[in-house]
Peer 1: 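Sharing a structure below in structure tokens format, with a few things to ask.
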There are 2 protein chains.
Amino acid sequence: MPKLESEAEFFKALAHPSRLLILGLCKQKPRHTEEIAGILKLSKATVSHHLSLLTTAGLLESERDQYYQNYKLKNALLERKIADIIFTGLEDFSTNTDPFRTKVLRDFFKYGRLTQIPVQRKKRNVVLEKIVQSFEFDHAYPEKEVNQIILEFHDDFATIRRELIGLGLLHRENGIYTRVTT
Amino acid sequence: MPKLESEAEFFKALAHPSRLLILGLCKQKPRHTEEIAGILKLSKATVSHHLSLLTTAGLLESERDQYYQNYKLKNALLERKIADIIFTGLEDFSTNTDPFRTKVLRDFFKYGRLTQIPVQRKKRNVVLEKIVQSFEFDHAYPEKEVNQIILEFHDDFATIRRELIGLGLLHRENGIYTRVTT
DNA sequence: TATCTGATTCGGTATTTGTCAAATCAAATA
DNA sequence: TATTTGATTTGACAAATACCGAATCAGATA
């Protein structure tokens, strides 16, 4: 899933008054479906629907207690996720071990954005390999989506798209792009 | 309560991939409508629509430059709004808000991190109660995990861990920690 | 004033979303 | 196993939303 889509999903989960109310209720204490439906004067079907969205977004978790399915807030995740998304967009480069690669990524990325396209071929390959990781295997991307993903890294999406093709990291056929298995 | 509605509006504005893209583009530098439409391959009517929503939500502001209407990110508002949510969690969405507690959280947390440990006992208790909420009930934490969680808030995990025990918010037995039911 | 140019608004369509009642499901328990 | 009970899923419908092309608007400029 392209990162941007999942971020939008996250906000979408928060983008309805009833769901914010439900989060507030579940923050106070774990609640079950009919309990919430009673408080908010909504049908249990509707509440179940909202609870499902909130759970998928990672904001709630639930466990069964006798007849009841109790939902409670996953507080830490909510706060960290919002902070991550808004303030940076960030990448953790510390996990990879290749020192050259680490240095190049440190030098050319700032807050997840490519500050400039490296001129040296070897360095350029490193950043291109980094960028291509935002594409899923087994997914057909129209050019519009390709551009959007690359735009998260750098303005000059046309150049980068061309390079990704040239390096054999992306494959293009009939205007549809796919990530090449390495 | 208008508060809840406007919170939902705020998230709704962020709840679409194109709008996140637009925010990203306008964060880099001011952009005008057709420029964005060209990059995202959307009609200028659609982009104008998104820009309108983002402006209404207070995320963008615009000014005219010759023929162009340039939109730029209102960084301050975005960050303040997000910060509010992070400081107080979902407090604002629920019914009861303790003003003292809210103020202490605002004063001592920045972007989800504890800027310093309050000296006053009463204030310190507020931040400790805030921190303990990142722990689950009915879960056995080894000390290492406890430290990791506290480290997300402040570097001096040893002091905070000791205080959490002392206040009776965490319970320690044989090196295993559990959150105490209140 | 008349014209040019980018932005916005309008009209219309396709898609998504919120909602409920009814049917179905699944865990607990008799 | 059969029953009870709350949760979820299904199906239907209305409302909201995303999107586009065309018409209109408004500031800039001649």
Side-chain angles (χ1 to χ4, degrees), chain A residues 1-2 4-26 29-57 59-72 142-145 147-148, chain B residues 4-23 25-26 29-57 59-72 93:
Chain A
M1 56 207 103
L4 204 71
E5 299 289 339
S6 77
E7 291 178 3
E9 279 309 310
F10 175 76
F11 287 117
K12 207 176 288 182
L14 293 166
H16 194 279
S18 297
R19 288 197 286 273
L20 292 179
L21 243 358
I22 290 172
L23 287 175
L25 290 171
C26 291
K29 64 176 185 185
R31 311 261 188 178
H32 63 270
T33 312
E34 292 202 326
E35 179 184 5
I36 297 169
I39 295 172
L40 300 186
K41 304 254 164 73
L42 291 172
S43 74
K44 58 181 181 172
T46 300
V47 170
S48 188
H49 167 66
H50 286 315
L51 289 171
S52 166
L53 291 178
L54 290 167
T55 303
T56 301
L59 294 168
L60 292 179
E61 62 191 346
S62 68
E63 75 186 348
R64 196 181 180 101
D65 176 27
Q66 295 180 340
Y67 283 127
Y68 302 93
Q69 192 75 20
N70 281 313
Y71 286 82
K72 70 175 179 177
E143 184 168 300
K144 182 179 163 186
E145 274 188 53
N147 292 346
Q148 289 182 350
Chain B
L4 194 76
E5 297 293 336
S6 82
E7 297 287 354
E9 280 309 309
F10 173 76
F11 287 119
K12 206 177 289 184
L14 293 167
H16 194 280
S18 298
R19 287 197 286 274
L20 291 179
L21 241 358
I22 290 171
L23 286 176
L25 291 172
C26 292
K29 64 178 185 188
R31 311 261 188 177
H32 63 270
T33 312
E34 291 203 327
E35 178 184 5
I36 296 169
I39 293 174
L40 301 186
K41 304 225 165 126
L42 292 171
S43 74
K44 57 182 181 172
T46 300
V47 170
S48 188
H49 169 242
H50 287 314
L51 289 170
S52 168
L53 291 177
L54 289 168
T55 303
T56 301
L59 294 169
L60 292 180
E61 62 191 346
S62 67
E63 73 185 351
R64 197 177 179 102
D65 175 26
Q66 295 180 341
Y67 284 127
Y68 303 92
Q69 193 74 20
N70 282 313
Y71 286 83
K72 70 174 179 179
F93 305 142

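Just so we're on the same page: letters track the sequence lines, and every chain starts at 1. As a basis for the values below, the full set of heavy atoms in this structure was taken, side chains included, without hydrogen atoms, waters or symmetry mates.
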Peer 1: My understanding is that only residues two or more places apart in sequence, or in another chain, count here; which of them pass side-chain hydrogen bond (donor to acceptor under 3.5 Å, both in side chains) with B:Ser62?
Peer 2: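 Per chain and number, B:Ser62 pairs via side-chain hydrogen bond (donor to acceptor under 3.5 Å, both in side chains) with B:Gln69.
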Peer 1: So if I define the base as every atom that isn't primed, P, OP1 or OP2, how would nucleotides 23-30 of chain D read as a B/S/- string at a heavy-atom cutoff under 4.0 Å?
Peer 2: ----BSS-
Peer 1: Please check the phosphate of D:dG6 (OP1 and OP2 only) for any side-chain N or O of A:Thr33 closer than 4.0 Å.
Peer 2: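 For A:Thr33, the contact criterion (side-chain N or O under 4.0 Å from OP1 or OP2 of D:dG6) is not met.
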Peer 1: Quick one, B:Leu60 and B:Leu23 - any side-chain contact, counting heavy atoms below 4.5 Å?
Peer 2: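 SC-SC contact between B:Leu60 and B:Leu23 confirmed.
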Peer 1: Across the strands shown, which category fits B:His32 at heavy-atom distances under 4.0 angstrom: base, sugar-phosphate, nothing?
Peer 2: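 Since only primed, P, OP1 and OP2 atoms lie under 4.0 Å of B:His32, the category is sugar-phosphate.
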Peer 1: If I compare all heavy atoms of A:Ala13 with all of A:Leu53, which pair ends up nearest, and what's the gap?
Peer 2: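 In terms of heavy atoms, the two residues are closest at CB-O, 4.4 Å.
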Peer 1: Could you give the NE2-to-C1' distance, from A:His49 to D:dA15, as a whole number of Å?
Peer 2: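 A:His49 atom NE2 is separated from D:dA15 atom C1' by 14 Å.
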Peer 1: How about A:Ile22 and A:Leu54: do any of their side-chain heavy atoms sit closer than 4.5 Å?
Peer 2: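 In contact.
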Peer 1: Can any side-chain N or O of B:Arg19 pair as donor or acceptor with the backbone N or O of B:Lys12 at less than 3.5 Å?
Peer 2: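 Checked: pair present.
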Peer 1: Reading DNA chain C from 5' onward, which residue's closest nucleotide shows up sooner: A:Ala15 or A:Ala45?
Peer 2: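 First, find each residue's nearest nucleotide; the 5'-ward one identifies A:Ala15.
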Peer 1: Kindly indicate whether the side chain of A:Leu14, heavy atoms from C-beta on, has any atom under 4.5 Å from the side chain of B:Phe10.
Peer 2: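 No, their side chains stay 4.5 Å or more apart.
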Peer 1: What is the distance, rounded to the nearest whole Å, between atom CG of B:Leu51 and atom P of D:dA18?
Peer 2: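 Roughly 13 Å, once rounded to whole Å.
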Peer 1: So, A:His16 side chain and A:Ser18 main chain: donor-acceptor pair closer than 3.5 Å or not?
Peer 2: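 Yes; judged by distance alone, with no hydrogens or angles, the pair exists.
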Peer 1: Below 4.0 angstrom from OP1 or OP2 of D:dT17, is there any side-chain N or O of B:His50?
Peer 2: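 Checking D:dT17 against B:His50, no side-chain N or O comes under 4.0 Å of OP1 or OP2.
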Peer 1: Examine distances only and state if a side-chain atom of B:Arg31 and a backbone atom of B:Lys72 form a donor-acceptor pair shorter than 3.5 Å.
Peer 2: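 Judged by distance alone, no pair lies under 3.5 Å.
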Peer 1: Estimate the overall bend of the helix from C:dT1-D:dA30 to C:dA30-D:dT1 from the end axes over five pairs each, rounded to 10 degrees.
Peer 2: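 Axis-to-axis angle, ends of the helix: 30°.
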Peer 1: Find the distance A:Tyr71:OH to D:dG6:C1' and express it as a whole number of Å.
Peer 2: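 In whole Å, D:dG6 C1' and A:Tyr71 OH are 11 Å from each other.
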Peer 1: Are any of the side-chain heavy atoms of A:Ile36 and A:Leu51 separated by less than 4.5 Å?
Peer 2: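 They are in side-chain contact.
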Peer 1: Mind checking side-chain hydrogen bond (donor to acceptor under 3.5 Å, both in side chains) for A:Ser52 and listing every partner two or more places apart, or none if nothing turns up?
Peer 2: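 side-chain hydrogen bond (donor to acceptor under 3.5 Å, both in side chains) list for A:Ser52, sorted by chain: empty.
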Peer 1: Which residues satisfy the salt bridge (charged side-chain N to carboxylate O under 4.0 Å, His left out) test with A:Glu143, sequence neighbours excluded?
Peer 2: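 Expected list: A:Arg161, A:Arg172, B:Lys41.
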Peer 1: Walk along DNA chain C from 5' to 3' and tell me the first and last nucleotide with an atom closer than 4.0 Å to a non-hydrogen atom of chain B.
Peer 2: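 Answer, 5' to 3': C:dC4 to C:dT9.
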Peer 1: Using whole Å, what does the distance between atom P of nucleotide D:dG6 and atom OH of A:Tyr68 come to?
Peer 2: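 Those two atoms, OH and P, are 5 Å apart.
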Peer 1: How many whole angstroms separate atom CG of B:Leu21 from atom C1' of D:dA18?
Peer 2: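 From B:Leu21 CG to D:dA18 C1': 15 Å.
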Peer 1: Atom CD of B:Glu9 to atom C1' of D:dA16: distance rounded to whole Å?
Peer 2: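 The distance from CD of B:Glu9 to C1' of D:dA16 comes to 12 Å, rounded to the nearest Å.
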Peer 1: Figure out the CZ/P separation between B:Phe11 and D:dT17, and round it to whole Å.
Peer 2: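 Those two atoms, CZ and P, are 17 Å apart.
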Peer 1: I'd like to check B:Leu25 versus B:Tyr71 (side-chain heavy atoms, cut-off strictly below 4.5 Å). Are they in contact?
Peer 2: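 No - every pair of side-chain heavy atoms lies 4.5 Å or more apart.
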Peer 1: Side-chain N or O of B:Thr46 versus OP1/OP2 of D:dC19: is the shortest distance under 4.0 Å?
Peer 2: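 No, because none of the side-chain N or O atoms of B:Thr46 sits under 4.0 Å from OP1 or OP2 of D:dC19.
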